[in-house]
Amino acid sequence: MQIQVLKSKIHRVTVTEADLDYIGSITIDEALMEAANLIENERVDIYNITNGERFSTYVIRGQRGSGIIGINGAAAHKAPTGSLLIIASYAIMDFDEARQWHPTVIFPKDNKLAN
């Protein structure tokens, strides 16, 4: 049996830009991506703490150290600039492997990694 489990989570980051005219996705600071074990084009679920909206999209790499969290395309209506988010990705694995699995969870401060 295989199950889906939390793989990566960025807890409580703020949307720094929202671009309705971009073709879609979420732009994430490359340093945050690496710390959270996310890769470009990976599917993520977005949980908007500010307004309760939830949606899925894919990751694109943002400038390292910029703190960028950019919501692009139609999703910008669901998470405008200033929204507080949780970003999560999931993995499918064997039930026995999942029992031993530990997700990568980061808690940035002001959209930057703590020193």
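We number each residue from 1, following the sequence as shown. As the structure is a prediction and not an experimental result, all values here were calculated from the model. Quick note: numbers below take in every heavy atom, side chains included, and nothing from hydrogens, waters or symmetry partners.
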Asks: Calculate, to the nearest 0.5 Å, the distance between atoms CG and NE2 belonging to L20 and H77 respectively.
Replies: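 So the gap between those two atoms works out to 4.5 Å.
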Asks: Quick check for you: to the nearest 0.5 Å, what is the distance between R61 atom CZ and L38 atom CG?
Replies: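 Interatomic distance, R61 CZ to L38 CG, rounded to 0.5 Å: 12.0 Å.
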Asks: Does Q4 CD have over 12 foreign heavy atoms under 6.0 Å away?
Replies: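 Yes, enclosed.
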Asks: What is the minimum heavy-atom distance between S89 and V44, and which atoms define it?
Replies: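 Smallest interatomic distance, heavy atoms only, reads CB-CG1, 4.1 Å.
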Asks: Quick one: CG on L32 to CZ on R64, what's the gap to the nearest 0.5 Å?
Replies: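 Spacing of CG (L32) from CZ (R64) equals 10.0 Å.
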Asks: Could you verify whether a donor N or O on one side chain and an acceptor N or O on the other, from N51 and S83, lie under 3.5 Å apart?
Replies: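 Their side chains do not contain a donor-acceptor pair, so the 3.5 Å distance test is not met.
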Asks: Looking at Q63, I want to see if its CD is surrounded by more than 12 non-hydrogen atoms of other residues, nucleotides or ligands under 6.0 Å.
Replies: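 Open.
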Asks: So which of T57, I26, T16, D19 actually passes side chain to side chain contact (heavy atoms under 4.5 Å, CB included) with I71?
Replies: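 The passing option is I26.
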Asks: List in chain and number order the residues that pass ring pair (Phe, Tyr, Trp, His ring centres under 6.0 Å) with H11, two or more places apart in sequence or in another chain; answer none if no residue qualifies.
Replies: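 In terms of ring pair (Phe, Tyr, Trp, His ring centres under 6.0 Å), with neighbours along the sequence ignored, H11 is linked to F107.
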Asks: Is K9 close to P103 at the side-chain level, that is, under 4.5 Å between some pair of heavy atoms?
Replies: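 Side-chain contact under 4.5 Å: no.
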Asks: Could you see if M33 belongs to whatever hydrophobic cluster contains I60? Use Ile, Leu, Val, Met, Phe, Trp, Tyr and a side-chain cutoff under 4.5 Å.
Replies: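 Hydrophobic grouping puts M33 apart from I60.
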Asks: Are the side chain of S8 and the backbone N or O of N37 linked by a donor-acceptor pair below 3.5 Å?
Replies: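 Side chain of S8 to backbone of N37: a pair is present.
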Asks: Could you point out which residue of I86, I28, I69 forms a side chain to side chain contact (heavy atoms under 4.5 Å, CB included) with I10?
Replies: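 Among the candidates, only I28 passes.
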